[in-house]
Amino acid sequence: MENSEIILSMKNIVKEYEMGEEVFRALDDVSLEVRKGEFLAVLGPSGSGKSTLMNIIGCLDTPTSGEYILNGEHVADLDERQLAHIRNKEIGFIFQSFHLLQRQTAQENVELALIYANQDGKKMHKRSEELLTKVGLEDKIKSLPNQLSGGQQQRVAIARAIANNPTILLADEPTGALDQKTGAQVMQLFHELNEEGRTIIMITHDSKIASHAGRIVKILDGRISEGELEDA
Ligand SMILES: Nc1ncnc2c1ncn2[C@@H]1O[C@H](COP(=O)(O)OP(=O)(O)O)[C@@H](O)[C@H]1O
Ligand SMILES: [Mg+2]
């Protein structure tokens with residue numbers, strides 16, 4: 001792992017939110033490097049800046065200052081079209097609340113990600129079936145989200161997230177809405193994806209969930225430290 005390529009590099013990232021007269025610093029001088037194939041957990045309590053960090057990593061938001069290089073590109077130099085491309089192709093997002101479209105089947109939800117790949121319908125159906133089979137949902141392809149358990153819905157979201165073979169899987173509290181057993185199953189799936197060489201960045205407040213990762217960095221009051229789990 002030490003020798004693999006650095007795919008994400010943040011240097012001295014600051015994110016400030018203006019609230020009327022006040023300025024609130026949600027990220028304070030964050031520096032972070034992630035290598036290809038890593039499974040990294042960012043562990044911190046509620047309000048510590050985890051989602052703010054995720055939004056910047058995922059190019060959903062921009063830092064107030066600091067340098068962010070993703071796949072060799074300075075993100076600050078990219079225009080909106082290039083950023084949209086990165087969000088669609090290079091990053092697979094997984095959220096606590098799944099973010100599935102409720103009126104669309106599991107298969108249609110996965111295919112939303114594939115529309116950008118410009119595949120014809122037949123190819124797209126084949127690919128979405130493969131993806132749903134991979135996450136263990138081959139018998140739920142035509143199910144609507146409300147016909148699925150939370151764990152199954154998260155699996156659909158994971159199938160959608162990996163659809164375009166993204167460089168990074170970025171998960172914000174992926175087990176936050178799941179019971180312990182289902183959460184552990186989702187972590188098993190993360191392990192499998194990581195063993196295939198996928199880079200995973202997982203954000204969590206749960207040290208047990210973080211312990212599944214190969215490396216843990218802690219975040220507190222917007223500041224990051226590499227750390228052992230014991231003093232989390
Ligand atoms: N848009 C915003 N405007 C003002 N303050 C914000 C905004 N988003 C987040 N914050 C504040 O920044 C801090 C970190 O928030 P967040 O990144 O959501 O933390 P976490 O995901 O770890 O719970 C919190 O104190 C939160 O209130
Ligand atoms: Mg959050």
Side-chain angles (χ1 to χ4, degrees), residues 8-34 38-70 75-76 80 83-84 86-87 91-100 150-151 153-154 156-158 160-161 166 168-180 182-184 186-187 189-190 199-213 215-232:
L8 180 160
S9 163
M10 288 187 150
K11 286 201 186 97
N12 311 113
I13 292 286
V14 170
K15 177 66 183 183
E16 289 176 340
Y17 294 115
E18 282 182 39
M19 302 163 74
E21 305 276 277
E22 306 268 296
V23 172
F24 180 81
R25 187 169 280 211
L27 292 178
D28 188 7
D29 202 26
V30 166
S31 296
L32 180 66
E33 281 184 347
V34 180
E38 267 201 286
F39 182 178
L40 175 75
V42 178
L43 174 65
S46 176
S48 57
K50 301 185 299 298
S51 293
T52 300
L53 181 64
M54 160 148 178
N55 290 341
I56 292 174
I57 293 174
C59 302
L60 297 163
D61 201 358
T62 51
T64 306
S65 64
E67 181 183 78
Y68 177 26
I69 301 173
L70 180 62
V75 173
E80 197 39 56
L83 290 173
I86 286 179
R87 289 190 295 259
I91 298 173
F93 292 94
I94 298 163
F95 299 96
Q96 174 171 353
S97 53
F98 323 130
H99 289 199
L100 300 177
Q153 290 184 59
Q154 192 61 298
V156 175
I158 292 166
R160 180 185 57 191
I168 296 173
L169 268 186
L170 186 54
D172 191 357
E173 304 274 9
T175 64
L178 305 177
D179 62 54
Q180 233 181 28
T182 313
V186 167
M187 284 303 99
L189 184 53
F190 274 36
T199 310
I200 301 176
I201 302 177
M202 175 174 75
I203 284 161
T204 183
H205 69 277
D206 182 340
S207 57
K208 208 164 162 192
I209 290 296
S211 69
H212 286 275
R215 175 161 72 108
I216 297 172
V217 298
K218 286 186 279 187
I219 183 166
L220 190 63
D221 295 335
R223 298 185 72 97
I224 272 210
S225 58
E226 300 270 335
E228 295 304 312
L229 202 49
E230 281 71 53
D231 45 283

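Order of appearance sets the numbers: ligands from 1, and atoms from 1 within every ligand. As the structure is a prediction and not an experimental result, all values here were calculated from the model. Below, each value reflects all heavy atoms present in this structure, side chains not excepted, and no hydrogens, waters or symmetry copies.
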Take Ile209 and Met202 through the test side-chain contact (heavy atoms from CB on, under 4.5 Å) and record every step on the way to the result.
-> CA-CA 9 Å; Ile209 290 296; Met202 175 174 75; 3.6 Å; yes

In chain-and-number order, ligand 1 lies under 4.0 Å from a heavy atom of each of Tyr17, Met19, Phe24, Ala26, Pro45, Ser46, Gly47, Ser48, Gly49, Lys50, Ser51, Thr52

- prompt: Quick check: does any side chain N or O of Arg87 sit under 3.5 Å from a backbone N or O of Cys59, one acting as donor and the other as acceptor?
  reply: yes

May I have the step-by-step check of side-chain contact (heavy atoms from CB on, under 4.5 Å) for Leu32 and Tyr68, ending in yes or no? CA-CA 9 Å; Leu32 180 66; Tyr68 177 26; over 6 Å; no

Within 2.8 Å of the Mg ion (ligand 2), is there any N, O or S atom belonging to Ser51? yes

(Q) Please determine whether the number of non-hydrogen atoms from other residues, nucleotides or ligands lying under 6.0 Å from atom CD of Glu67 exceeds 12. (A) yes

message = Around atom CD of Glu80, are there more than 12 heavy atoms from other residues, nucleotides or ligands closer than 6.0 Å?
response = yes

**Message:** Applying side-chain contact (heavy atoms from CB on, under 4.5 Å) to Ile168 and Val34, what does each step give before you reach the verdict?
**Reply:** CA-CA 10 Å; Ile168 296 173; Val34 180; 6.0 Å; no

